[in-house]
There are 2 protein chains.
Amino acid sequence: MVKQRKGGPRREESLSRENIIQASIELLDSDGEEGLTFRALAERLATGPGALYWHIANKSDLLIAACDSLVARTMSQIPVTTPNETIRAVALALFDLIDAHPWLGSALTSSPGALPVVRVLEPIGQQIQALGVPDDQQWNATGTLMAFILGVSRQNAANRQLARAKNLDRAHFLDVVATAWSQLDPKEHPFVSTVVGRIRNHDDRADFLAGIDVILAGIASLQSNSRPPLKRQRS
Amino acid sequence: MVKQRKGGPRREESLSRENIIQASIELLDSDGEEGLTFRALAERLATGPGALYWHIANKSDLLIAACDSLVARTMSQIPVTTPNETIRAVALALFDLIDAHPWLGSALTSSPGALPVVRVLEPIGQQIQALGVPDDQQWNATGTLMAFILGVSRQNAANRQLARAKNLDRAHFLDVVATAWSQLDPKEHPFVSTVVGRIRNHDDRADFLAGIDVILAGIASLQSNSRPPLKRQRS
DNA sequence: ACCTGAACACCGTTCAAGT
DNA sequence: ACCTGAACACCGTTCAAGT
């Protein structure tokens with residue numbers, strides 16, 4: 001709406017990488033992932049689309065930078081208590097962050113080895129080390145947790161964006177799924193039939209925490225057994 | 001290349017939904033996710049882009065249909081043995097399928113309650129029931145497994161598509177990540193520093209199976225809550 | 001009923017030209 | 001050094017017009 005240029009030659013309002021990143025976050029939060037276009041961003045910053053390319057490499061670069069800005073701030077605020085509690089805190093913080101900014105989901109997916117992912121992987125790995133997990137199992141334990149945390153958070157974000165794109169609220173979204181599932185043949189879908197009733201009032205956040213606890217229990221039980229409890233024979 | 005029209009008026013080659021879906025799969029497999037455009041698809045089928053809309057609703061509809069075609073075939077071929085072995089077989093089959101067709105990753109993400117997901121959820125839930133997990137924990141156990149399986153498979157697919165887009169093979173891709181991680185300050189990243197050496201030769205498939213076993217162990221240990229979990233797993 | 005293909009309303013990115 | 005904005009090479013989707 002208001003073009004900053006009008007007011008006067010304030011140096012602070014000139015284009016900069018940080019400037020552009022913050023404007024991108026606002027745009028992504030207000031208009032969703034497909035709301036971030038170079039034209040819309042340029043208009044908000046009262047410039048032309050080409051000018052942005054002086055400060056950022058491309059759209060992927062911009063998305064990762066916007067993502068890292070939020071992830072860095074969030075992860076720096078996690079209190080460290082016991083290992084399991086800290087892992088739960090990191091997991092929940094990321095879940096809530098992605099829930100509040102669904103576009104983070106795809107940003108994290110498309111930059112697997114980049115800084116944002118490291119900011120989550122590192123504290124979880126440290127707590128796995130603090131739990132006393134043997135060296136050769138640390139990667140397995142941490143990777144499993146990490147995959148679960150990112151997987152759930154991203155699917156949650158995707159659901160939210162999907163509902164938004166179709167102009168459905170959460171209740172309607174779940175209703176569509178529940179209705180579809182209840183029309184399946186119960187003989188062929190005994191499991192889905194038994195859980196379909198719980199779909200409408202389930203709590204994504206509670207389910208997420210329960211999953212974290214299943215994995216933490218698995219990590220603990222693999223350690224406490226002197227012999228490997230789940231020996232695989234063949235694929 | 002060859003326009004079917006030339007040959008003659010073969011009725012079998014006229015446009016149909018099934019026709020379009022199979023051509024889409026070929027296009028997605030050969031050219032990747034961004035290779036599927038209505039113009040390219042129309043050219044391959046020797047027609048115009050508008051004609052496709054007579055048979056399919058939109059691009060999302062097309063992607064889900066193509067996805068379901070592959071998932072249905074794969075899931076129908078899983079042999080049912082013991083619960084844990086069957087769960088591993090389902091998980092591995094989906095992992096390998098998405099690995100071979102990375103575009104399945106986004107197709108599954110963008111249709112959470114749809115048929116393709118149900119085809120995986122149902123057999124896993126059935127085996128969780130067969131394991132004797134109590135009713136009120138079945139959703140938790142199945143959902144945790146499902147989230148992990150889809151999460152890992154999708155990230156794997158995303159990595160593959162990322163590497164493809166940058167014209168990197170797997171070795172180079174891992175090298176980029178390993179190099180970036182080894183340049184981080186080891187004091188601030190004690191965990192990442194210890195695992196960076198194993199990045200270049202890790203096996204995604206083996207890591208995936210190890211994660212499945214962690215979760216299965218967690219499910220087993222949560223069931224026998226009071227006693228130490230020394231139950232034999234081969235049922 | 002089914003197909004055609006031009007047209008609409010967009011994209012990300014580039015680049016000669018400006019200051 | 002930094003910005004402008006037209007231009008390029010695309011998209012998904014629509015729709016009047018054809019058969």
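In the text below, chain A, chain B and the rest are named by the order of the sequence lines, each starting its count at 1. What you see is a predicted model, and the numbers here were worked out from it, not measured in a lab. Note: hydrogens, waters and symmetry copies are ignored here, and every other heavy atom, side chains too, is used.
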Can you tell me if [X] and [Y] form a side-chain donor-acceptor pair at under 3.5 Å?
X: Glu122(B); Y: Gln126(B); result: yes
X: Asp169(A); Y: His172(A); result: yes
X: Glu26(A); Y: Gln22(A); result: no
X: Arg154(B); Y: Thr109(A); result: no

Spacing of [X] atom [atom1] relative to [N] atom [atom2], expressed in whole Å:
X: Ile20(B); N: dC2(C); atom1: CD1; atom2: P; value: 12 Å
X: Glu34(A); N: dA9(C); atom1: CD; atom2: C1'; value: 15 Å
X: Arg17(A); N: dA1(D); atom1: CZ; atom2: P; value: 19 Å
X: Asp31(A); N: dC11(C); atom1: CG; atom2: P; value: 11 Å
X: Phe38(B); N: dG5(C); atom1: CZ; atom2: P; value: 17 Å
X: Leu62(A); N: dT13(C); atom1: CG; atom2: C1'; value: 14 Å
X: Glu43(B); N: dG12(D); atom1: CD; atom2: P; value: 14 Å
X: Leu36(B); N: dC10(D); atom1: CG; atom2: P; value: 16 Å

Check your understanding: With pairs taken as Watson-Crick or G-U wobble and both distances under 3.5 angstrom, which stems of at least three consecutive pairs involve DNA chain D?
Key ->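 In DNA chain D, stems of three or more pairs: C:4-8 with D:12-16, C:12-16 with D:4-8.
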Exercise for review: Considering only atom C1', compute the distance from dC8(C) to dC10(D) and round it to an integer number of Å.
Suggested key: 14 Å
Check your understanding: Does Trp54(A) make a side-chain N or O approach to OP1 or OP2 of dC3(D) shorter than 4.0 Å?
Key ->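 The answer is no; no side-chain N or O of Trp54(A) sits under 4.0 Å from OP1 or OP2.
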Practice item. Check whether any side-chain N or O of His55(B) sits under 4.0 Å from OP1 or OP2 of dC3(C), and answer yes or no. Key: yes
Check your understanding: Base, sugar-phosphate alone, or nothing: which one does Leu41(A) contact when heavy atoms must sit under 4.0 Å apart?
Key ->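 The answer is nothing, as Leu41(A) stays clear of every strand by at least 4.0 Å.
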Exercise for review: Could you tell me whether Leu52(A) contacts a base, only the sugar-phosphate backbone, or nothing, with contacts defined as non-hydrogen atoms closer than 4.0 Å?
Suggested key: nothing
Revision key, fill the gap. Contacts of Ala51(A) and Lys59(B) projected onto DNA chain D by closest heavy atom; the upstream (5') one is Ala51(A)
**Study point:** First of Pro49(A) and Arg39(B) reached from the 5' end of DNA chain D, by closest nucleotide
**Key:**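 Its nearest nucleotide being more 5', the pick is Pro49(A).
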Donor-acceptor contacts, no H, no angles, side chain residues 93-100 of chain A, under 3.5 Å, sequence neighbours left out:
{"from": "Asp96(A)", "atom 1": "OD1", "to": "Arg205(A)", "atom 2": "NE", "distance (Å)": "2.9"}
{"from": "Asp96(A)", "atom 1": "OD2", "to": "Arg205(A)", "atom 2": "NE", "distance (Å)": "3.4"}
{"from": "Asp96(A)", "atom 1": "OD2", "to": "Arg205(A)", "atom 2": "NH2", "distance (Å)": "2.8"}
{"from": "Asp99(A)", "atom 1": "OD1", "to": "Asn156(A)", "atom 2": "ND2", "distance (Å)": "3.0"}
{"from": "Asp99(A)", "atom 1": "OD1", "to": "Arg160(A)", "atom 2": "NE", "distance (Å)": "2.8"}
{"from": "Asp99(A)", "atom 1": "OD1", "to": "Arg160(A)", "atom 2": "NH2", "distance (Å)": "2.9"}
{"from": "Asp99(A)", "atom 1": "OD2", "to": "Arg160(A)", "atom 2": "NH2", "distance (Å)": "3.4"}

Check your understanding: Quick one: OG on Ser30(A) to CD1 on Ile25(A), what's the gap to the nearest 0.5 Å?
Key -> 12.0 Å
**Study point:** Tyr53(A), nearest nucleotide to its side chain (from dC3(C), dG12(D), dT13(C))
**Key:**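 The answer is dT13(C).
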Point to revise | Smallest separation among heavy atoms of Phe148(A) and Ala147(B), with atom names | key: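 Minimum heavy-atom contact is CE1-CB, 3.8 Å.
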